[in-house]
2 protein chains.
Amino acid sequence: MAFERAFDVAKKISDSAIHRLSLYVRILEEWEREGRDTTSSEELAERGGTTAAQVRKDLSLFGSFGKRGLGYSVGELADHIRSILGLGRTWRVALVGAGRIGTALLEYRGFRERGFDIVAVYDADPAKVGGCVGERTVRDVAGLEEGIRAEGVEIVVLAVPGEAVQPIVDLVVRAGVRGILNFAPLKPRVPEGVTVRDVNLVMELEALSFALSQDGPDA
Amino acid sequence: MAFERAFDVAKKISDSAIHRLSLYVRILEEWEREGRDTTSSEELAERGGTTAAQVRKDLSLFGSFGKRGLGYSVGELADHIRSILGLGRTWRVALVGAGRIGTALLEYRGFRERGFDIVAVYDADPAKVGGCVGERTVRDVAGLEEGIRAEGVEIVVLAVPGEAVQPIVDLVVRAGVRGILNFAPLKPRVPEGVTVRDVNLVMELEALSFALSQDGPDA
DNA sequence: GGTCGTTTGTGAAATCCTTCACATAACGTA
DNA sequence: TACGTTATGTGAAGGATTTCACAAACGACC
Ligand SMILES: NC(=O)c1ccc[n+]([C@@H]2O[C@H](COP(=O)([O-])OP(=O)(O)OC[C@H]3O[C@@H](n4cnc5c(N)ncnc54)[C@H](O)[C@@H]3O)[C@@H](O)[C@H]2O)c1
Ligand SMILES: NC(=O)c1ccc[n+]([C@@H]2O[C@H](COP(=O)([O-])OP(=O)(O)OC[C@H]3O[C@@H](n4cnc5c(N)ncnc54)[C@H](O)[C@@H]3O)[C@@H](O)[C@H]2O)c1
């Protein structure tokens, strides 16, 4: 069969491999726009800050997309990786929490461009519900479960205060959501089969603090 | 010697270990507020979503902070980890880019609470320069290098468009900054000794997309 | 003081991830 | 068709991180 799907046979793929694939697509798309036809693991590695062997290993987890002696077709490889990452489509996303972070995300074009369409926004604050953020109307979080089902929402972005996280997570999981991006500094509990990714900015700053403390003293 | 500093003898500490330490502090501080005196690796692991062995291993990279048979003193362990991460002080942070993400960050109290004090804000847009965001005045990015030196800025948070990143990074590194938190979807090049941490939200969403594509088909 | 139950700290084993190295496939040339 | 050059795909080696498992340390209790 031409179209390999070796990767859904329950193999374990590391997080860093996925991050690199995500990076490779971005590089390849840039090259597509520049009209480049072919590339090599060497070039991708150079541009992506890794090694050629790593690039080939990452790809080999999912199939073989190149031609020996020639390299890869930029367009085809991009297609393959997009298909691996599930990016050949639009994902329906709901945002919960139209606060500072929430509105920043809403007005960012990069998400829709990359296939993540924020189809609905929810908040609990009566002062915000009914109002507009950008071109979208903020809905009452009371209708969240119903809304998720009605709109076929697949991913929820959570930008609410920490204490509100767990109840909302329970609710959206009940409504069938299996992917959550969480900005609160607190890891919610979810059942098997649901993926949560946390964006914890304070942790990132603390990692910087550690790095600076390590080699700072001698400066 | 009572105060061990075994960790600055050039040992390699993994990123994930640092993230977990950061998590442990947060848990311990919560327990401190609740008035709990002691805890165990078991409890920390349970609460932090890891294993007891992992907790002990993480801590053992830096010293030994517990009492066998008894566990850890909540307060002392928090102190030790804060000291390891360099959190026993305030870090001087500058924000570059007072756009959507930038202003969200500025108005967030969590950073100062955890020792990251945003002492200055810079932007290139003449319409923004001179204006206020929260209680801070936006300064012209032309004065960034000078400002960094004058204010003793140690960490820079970059919330500017991708194409502006590299020049600003070069400039702030020249001014002596060794820690950068970058929101643009593009990894800047920096010399040895400078740490950059990237927050790439699109990559996080793409990782969710992958996870959903993996086990989605059977649903 | 001795014994018991507890929990740490840590070598050793197991697992996961990256790098190495090379057989293999593809193409151009003659 | 044979040969030379190139760059992939992948087992095997090497490193790093996580898990295991247990000796050592501590307090309680008698
Ligand atoms: N702003 C930042 O820079 C920043 C940085 C790091 C982390 N965070 C985290 O991100 C989250 C959001 O931060 P923010 O600064 O945007 O906060 P915010 O207070 O500006 O916004 C939170 C929004 O959530 C809404 N909300 C509260 N409870 C809700 C509920 N049960 N259902 C629906 N909506 C509800 C509020 O009405 C508000 O509009 C917080 O957990 C915060 O800790 C924010
Ligand atoms: N907003 C989001 O939700 C979001 C999500 C993911 C990534 N990002 C990334 O974060 C970065 C900022 O995004 P944003 O949405 O806040 O953009 P924005 O356009 O709202 O803000 C960018 C700000 O940077 C300023 N700026 C431009 N060039 C500058 C320079 N040379 N020096 C100083 N300031 C300069 C602009 O004047 C503007 O105020 C971008 O790289 C974007 O890709 C944003």
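Residue numbers begin at 1 in each chain, while the letters A, B, ... track the order of the sequences.
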Undergrad: If I take atom NE2 in residue A:H80 and atom P in nucleotide D:dG9, what distance separates them, rounded to the nearest angstrom?
TA: 11 Å
Undergrad: Are side-chain N/O atoms of B:E204 and B:N200 paired as donor and acceptor at under 3.5 Å?
TA: no
Undergrad: When you measure from the side-chain N and O atoms of B:S64 to the phosphate of C:dG9, is any distance below 4.0 Å, counting only OP1 and OP2?
TA: yes
Undergrad: Measure CD1/A:I13 against P/C:dT18 and give the value in whole Å, please.
TA: 12 Å
Undergrad: Can you check whether B:Y72 has a side-chain N or O nearer than 4.0 Å to OP1 or OP2 of C:dT6?
TA: no
Undergrad: Please state how far atom CG in A:L59 lies from atom P in D:dA7, giving the value in whole angstrom units.
TA: 16 Å
Undergrad: Does A:S16 make a side-chain N or O approach to OP1 or OP2 of C:dT18 shorter than 4.0 Å?
TA: yes
Undergrad: Test A:R149 against A:E145 for salt bridge (Lys or Arg N to Asp or Glu O under 4.0 Å), laying out the working first.
TA: CA-CA 7 Å; A:R149 294 191 207 272; A:E145 187 166 356; 3.0 Å; yes
Undergrad: Please tell me if the side chains of A:F183 and A:V160 come closer than 4.5 Å, counting only heavy atoms from C-beta onward.
TA: no
Undergrad: Between atom CZ in B:R20 and atom C1' in D:dA16, what is the gap in whole Å?
TA: 12 Å
Undergrad: Using 4.0 Å as the upper bound for N to carboxylate O, is an ion pair formed by A:R36 and A:E32?
TA: no
Undergrad: Round to a whole Å and report the spacing from CG of A:D15 to C1' of D:dT17.
TA: 15 Å
Undergrad: Considering non-hydrogen atoms only, spot the tightest contact between B:V202 and A:R26 and give its length.
TA: CG1-NH2, 3.5 Å
Undergrad: Using modelled atom types and a 3.5 Å cut-off, is there a donor and acceptor pairing between side-chain atoms of A:S209 and backbone atoms of B:G86?
TA: yes
Undergrad: Rounded to whole Å, how long is the line connecting atom NZ of B:K12 with atom P of D:dG15?
TA: 10 Å
Undergrad: Within the 3.5 Å criterion, strictly below it, is a donor on A:T39 or A:W31 matched to an acceptor on the partner's side chain?
TA: no
Undergrad: In this structure, how many angstroms lie between the P atom of C:dT18 and the CG atom of A:L21, rounded?
TA: 11 Å
Undergrad: Considering only heavy atoms, which members of residues 185-195 of chain A lie under 4.0 Å from some atom of DNA chain C?
TA: none
Undergrad: Which value, rounded to the nearest 0.5 Å, describes the distance between A:L186 atom CG and A:L158 atom CG?
TA: 11.0 Å
Undergrad: Would you call A:E154-A:R178 a salt bridge at under 4.0 Å N-O?
TA: no
Undergrad: Determine whether more than 12 heavy atoms belonging to other residues, nucleotides or ligands lie under 6.0 Å from atom CZ of B:R189.
TA: no
Undergrad: Just compare D:dT10, D:dT18, C:dC17 and give me whichever is closest to any side-chain atom of A:S60.
TA: D:dT10
Undergrad: Let me know the distance between CZ of B:F62 and C1' of C:dG9, rounded to the nearest Å.
TA: 15 Å
Undergrad: Taking all heavy atoms of B:V96 and all of B:V141, pick out the closest pair and write down the distance.
TA: CG1-CG2, 4.2 Å
Undergrad: Please identify which of these residues, B:D170, B:V177, B:V169, B:L171, meets the side chain to side chain contact (heavy atoms under 4.5 Å, CB included) condition with B:V173.
TA: B:V169
Undergrad: For nucleotides 20-30 of chain C, read 5' to 3', which letter fits each nucleotide if B means a protein heavy atom sits under 4.0 Å from the base, S means only the sugar-phosphate is that close, and - means neither?
TA: BB-BBBSS---
Undergrad: Scan residues 41-48 of chain A against DNA chain C and write down, sorted by residue number, each residue with any heavy atom closer than 4.0 Å; if none is found, say none.
TA: none
Undergrad: Using a cut-off of strictly less than 4.0 Å, decide whether B:Q54 has a side-chain nitrogen or oxygen near OP1 or OP2 of D:dT17.
TA: no
